[in-house]
Protein chains: 2
Amino acid sequence: MTTRTAAQRRQDARVAYDAYLATCPARRLLDRISDKWVSLLLNALADGPQRYSDLSRTVAGVSQKMLTQTLRTLERDGLVTRTVTPAVPVRVDYGLTPLGVSLLPVMRAIKDWAETHIEEVAAAQESYDAQVNAQERHS
Amino acid sequence: MTTRTAAQRRQDARVAYDAYLATCPARRLLDRISDKWVSLLLNALADGPQRYSDLSRTVAGVSQKMLTQTLRTLERDGLVTRTVTPAVPVRVDYGLTPLGVSLLPVMRAIKDWAETHIEEVAAAQESYDAQVNAQERHS
DNA sequence: CAGTATCCCTCATGATACTG
DNA sequence: CAGTATCATGAGGGATACTG
């Protein structure tokens, strides 16, 4: 009799992995920049600071909730600055920090690979799908 | 009377954005590599091909479902190869394609930025949290 | 203007059980 | 060994309404 079943061992491994991934810098960065709105916001701010309402127009389709939530996270991470100008009505400007700017080349590297190899990926997908279809006809 | 309300316009914009993002190469790549298991699998295969059962051990914590699902997607995208050796029992080897290998430097760039700037991010978070706490005490 | 608060619902993931 | 099929759940995201 083993003290733990295979299922329990796998579950333990998963918990350990989650803990590891929670602290892994690369993992955390990937989680951030892969967020639907993060890349769009960083891109929008790359050309210069913008107000909250400007961003909601530039990045059309984003809900107020997600815009605020995403900006807060980026601010907390030190990637964007939030500048409040007390007035009536209040004015808030968002802009990239030097840290945020330093991330742009990485985003660009991702974009470059994607655009360079998109054709190859598309071809691979087509060929894969064709084979799957062919096999289905034989069954 | 306008023909569309602000809510309708935002919804339309969201649909349009989703359609755009579905075709945007950089967006699609980000979606792939940000997948929890993709980066781990690519890393595991970077050192050479592995069998299905090897991968499930190397990448401990992954369920059969996600392992298979992720490998299928990577195969379809042309990033990994799947080689079946008919025998009893059957043997299946997975390995990186040249396309898959070409992606490794990009992953490395992400990892490098993360590890280089993790301290700055952590410091920013600490400072942010401290300010939030201070403000809560004043309310 | 720049948010906050709430409800709701979908979708991705994981556990479990079964198979050629 | 290398999967497939089915079910359950929970966290993320959107719509809506309200506020200093």
Side-chain angles (χ1 to χ4, degrees), chain A residues 4-18 21-22 31-32 34-38 40-41 49-73 75 80 82-94 132 135-136 139, chain B residues 4-18 21-22 31-32 34-38 40-41 49-73 75 80 82-94 132 135-136 139:
Chain A
R4 296 183 306 173
T5 67
Q8 283 177 318
R9 254 180 284 117
R10 192 169 52 243
Q11 203 161 19
D12 288 350
R14 202 177 60 71
V15 171
Y17 245 72
D18 284 349
L21 293 179
D31 281 345
R32 276 287 170 282
S34 68
D35 183 282
K36 185 177 177 180
W37 303 113
V38 164
L40 294 167
L41 283 178
Q50 288 196 45
R51 300 179 59 174
Y52 183 89
S53 49
D54 291 334
L55 283 173
S56 76
R57 245 171 280 115
T58 307
V59 183
V62 67
S63 65
Q64 281 188 314
K65 178 186 175 181
M66 290 318 294
L67 180 54
T68 302
Q69 194 176 106
T70 307
L71 285 170
R72 283 288 184 281
T73 310
E75 186 197 358
V80 309
R82 177 170 179 273
T83 314
V84 181
T85 308
V88 181
V90 66
R91 168 189 181 127
V92 181
D93 287 276
Y94 291 93
V132 171
Q135 282 181 348
E136 273 174 5
S139 66
Chain B
R4 297 184 304 171
T5 67
Q8 284 177 317
R9 254 179 284 119
R10 191 169 54 241
Q11 203 160 20
D12 288 349
R14 202 177 60 73
V15 171
Y17 245 71
D18 283 349
L21 293 179
D31 281 344
R32 275 288 170 283
S34 68
D35 183 283
K36 184 179 178 182
W37 304 114
V38 165
L40 294 169
L41 284 178
Q50 287 198 45
R51 299 178 61 173
Y52 183 89
S53 48
D54 292 333
L55 283 172
S56 76
R57 243 171 283 114
T58 308
V59 183
V62 67
S63 65
Q64 282 188 312
K65 179 185 173 180
M66 291 317 294
L67 180 54
T68 302
Q69 194 177 105
T70 308
L71 285 169
R72 285 286 185 283
T73 312
E75 187 196 357
V80 309
R82 177 171 178 272
T83 314
V84 182
T85 307
V88 181
V90 67
R91 169 191 179 125
V92 181
D93 287 277
Y94 290 92
V132 170
Q135 280 180 350
E136 272 172 5
S139 65

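Within every chain, numbering begins at 1; the chains are lettered A, B, ... in the order of the sequence lines, protein sequences first and strands thereafter.
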Nearest-angstrom distance from the residue atom [atom1] of [X] to [atom2] of [N]:
X: K36(A); N: dT10(C); atom1: NZ; atom2: P; value: 16 Å
X: Q50(B); N: dC1(D); atom1: CD; atom2: P; value: 15 Å
X: D18(B); N: dG12(D); atom1: CG; atom2: P; value: 19 Å
X: L67(B); N: dG14(C); atom1: CG; atom2: P; value: 12 Å
X: L55(B); N: dC1(D); atom1: CG; atom2: P; value: 14 Å
X: D35(B); N: dA12(C); atom1: CG; atom2: P; value: 11 Å
X: M66(A); N: dG12(D); atom1: CE; atom2: C1'; value: 7 Å
X: D31(A); N: dG12(D); atom1: CG; atom2: P; value: 11 Å

If you compare every side-chain N and O of [X] against the phosphate oxygens of [N] (OP1, OP2), does one of them come in below 4.0 Å?
X: Q64(A); N: dT4(C); result: no
X: R51(A); N: dA2(C); result: yes
X: R91(A); N: dA2(C); result: no
X: K65(B); N: dC18(C); result: no
X: S53(A); N: dA2(C); result: yes
X: Y52(B); N: dT4(D); result: no
X: R14(A); N: dT13(C); result: no

- Only one of L55(B), V92(B), D93(B), L41(B) passes side-chain contact (heavy atoms from CB on, under 4.5 Å) with Q50(B); say which it is.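 When L55(B), V92(B), D93(B), L41(B) are each tested with Q50(B), the side-chain contact (heavy atoms from CB on, under 4.5 Å) holds only for L55(B).
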- Query: Does any non-hydrogen side-chain atom of Q64(A) lie less than 4.5 Å from one of Y52(A)?
  - Reply: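 Counting from C-beta outward, Y52(A) and Q64(A) do come under 4.5 Å.
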- Message: Quick one, V59(B) and L67(B) - any side-chain contact, counting heavy atoms below 4.5 Å?
- Response: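 No, too far: nothing below the 4.5 Å cut-off.
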- Query: Between R82(A) and P89(B), which is nearer to the 5' end of DNA chain C once each is assigned its nearest nucleotide?
  - Reply: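 This one resolves to R82(A).
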- Task: Can you tell me the pairing partner of dG14(C) across any strand shown, Watson-Crick or G-U wobble, with both distances under 3.5 angstrom?
- Result: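 Answer to the pairing question: dC7(D), which forms a Watson-Crick or G-U pair with dG14(C).
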- Message: Both distances below 3.5 Å, Watson-Crick or wobble geometry, any strand: find the nucleotide opposite dC8(C).
- Response: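 Base partner found: dG13(D).
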- Query: 5'-most contact on DNA chain D: W37(A) or V90(A), nearest heavy atom basis?
  - Reply: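 Checking each residue's closest nucleotide, the 5'-ward one belongs to W37(A).
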- Message: Strictly distance-based, threshold 3.5 Å: is any side-chain N or O of T68(B) a donor or acceptor partner for the main-chain N or O of K65(B)?
- Response: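 Here the side-chain-to-backbone pair does not exist.
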- Task: Flag the pair D54(A) and R57(A) as a salt bridge only when some basic side-chain nitrogen lies within less than 4.0 angstrom of an acidic carboxylate oxygen.
- Result: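 Salt bridge present between D54(A) and R57(A).
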